[in-house]
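One structure follows; several queries about it will come next.
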Amino acid sequence: MEEQLMTIKNEALSLILDAGDIKTLEEVKLQFLGRSGKLTLALKDIVNVPLLQRAEIGQLINEVKQSVEEAIDRQGEMLKNKRLEKKRESIDVTNPGIKPPSGHIHLVTHAINEITAIFEKIGFTRVRYPEVEWDWYAFTALNFPENHPARDDWETFFTTEDVDSKKGSIILTPHTSNGQIREMQRVVKEQKGKGDISIRMLNIAKTYRRQSDVSHTQMFHQFEGLVVGKDISIVHLKGTLDYFVKSFFGENREIRLRPYHFQFTEPSFELDINCGVCLGKGCKLCKAGWLELGGAGIVHPNVLTFGGVDPKIYSGFAFGFGPERCMMMKEGLEIDDLRLLYSNKLEFLTQF
Ligand code: FA5
């Protein structure tokens with residue numbers, strides 16, 4: 001009887017494991033545990049077992065029954081999970097898809113693209129120079145004497161304490177004017193003394209300063225213009241900036257050059273634009289009718305020399321503005337805190 005029970009158990013377990021679907025499993029269950037199932041009949045047959053062995057055999061039948069029931073439950077669970085997984089995996093290709101929300105380019109990228117297109121129209125070429133740069137390009141070659149207090153004006157981030165004997169420290173560029181030197185050196189090298197030097201550069205890059213308030217962010221952009229050639233004068237500078245302001249802000253906007261000081265330009269100016277709200281009459285936003293846009297000037301002869309260009313033959317003008325500030329001053333945008341541009345606040349960004 002014991003041997004017979006073990007055979008039934010092995011047969012049952014093997015059939016249970018082989019059952020590939022719930023229906024087959026139900027059939028196996030009936031075959032062993034149903035009213036005329038093999039185990040049910042074995043239990044009924046216990047009356048034929050000699051009295052002395054009856055308790056022991058009865059217990060064995062119950063143990064076999066229990067392990068068969070447990071195996072059926074386990075296999076049932078496994079088949080159910082498999083069915084669910086299969087359901088999840090299957091895709092109804094006729095279902096309409098979920099439309100992802102459509103985005104748009106960031107306001108600053110939009111301004112950079114617009115500025116680039118405006119200057120490309122008058123022959124400027126967009127370049128990009130390092131944003132992690134030697135002190136020499138960002139200060140020394142721009143006519144800043146060593147330890148000159150003006151170096152502090154840019155509140156520079158220094159990346160390492162190591163200092164190269166010729167090129168100084170490595171910094172995060174506080175302005176894009178390093179591009180002036182790099183562009184002059186590149187063009188001079190390319191010309192190899194043959195032909196005239198002619199530069200119309202637009203260097204747009206990220207710049208970094210330790211500043212943060214409504215009109216300052218620690219990371220911002222600048223676009224730097226540099227024009228070098230023979231007989232370049234303030235007239236060309238003023239004409240170029242007037243063209244830019246009218247193209248970017250509108251025909252009704254005026255500019256003025258206000259005397260200023262930069263180490264790398266002489267004379268130097270700050271460019272003001274008449275206020276978009278009162279058009280120069282004076283209002284709450286601008287107070288005196290004008291808003292400051294950025295710096296500009298005639299390239300200092302020392303800077304031309306550092307760039308490898310002979311100041312006795314060539315002259316040039318340069319300017320450096322922030323696209324974020326330009327955007328802030330555009331009519332209709334009403335951005336009253338520059339930091340919002342980099343805040344990742346979707347309520348703000350999706351408005352534009
Ligand atoms: C300069 O950086 C000069 N290199 C510009 C220049 C180039 C002058 C060529 C002459 C010739 P300034 O520090 O003023 O100048 O910065 C120029 C512009 O950058 C500012 O007018 C402003 O538009 C923008 N800017 C400066 N700091 C920040 C800041 N923290 N956040 C946002 N925009 C800034």
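Values in this document were obtained by computation on a predicted structure and should not be read as measured data. Both counts, for ligands and for their atoms, begin at 1 and track the order of listing.
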Measure the shortest side-chain to side-chain distance between Ile112 and Arg126 over non-hydrogen atoms and say whether it is less than 4.5 angstrom.
yes
Charged N to carboxylate O below 4.0 Å: is that the case for Arg186 and Glu183?
yes
Taking the inter-plane angle between the rings of Phe248 and Phe244 on a 0 to 90° scale, is it parallel (under 30°), tilted (30 to 60°) or perpendicular (over 60°)?
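Phe248 vs Phe244 ring planes: parallel.
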Shell of residues surrounding ligand 1, defined by a 4.0 angstrom heavy-atom cut-off that is strict:
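Correct list: Trp154, His175, Ser177, Gln180, Arg209, Gln211, Ser215, His216, Thr217, Phe220, Gln222, Glu224, Phe262, Phe264, Thr265, Glu292, Leu293, Gly294, Gly295, Ala296, Ala318, Phe319, Gly320, Gly322, Arg325, Leu338.
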Considering only heavy atoms from C-beta outward, does the side chain of Met184 approach that of Leu226 to under 4.5 Å?
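In contact.
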Is the ring centre of Phe119 less than 6.0 Å from the ring centre of Phe319?
yes
Between Ile118 and Ile122, is there a shared hydrophobic cluster once you connect ILVMFWY residues whose side-chain heavy atoms come closer than 4.5 Å?
yes
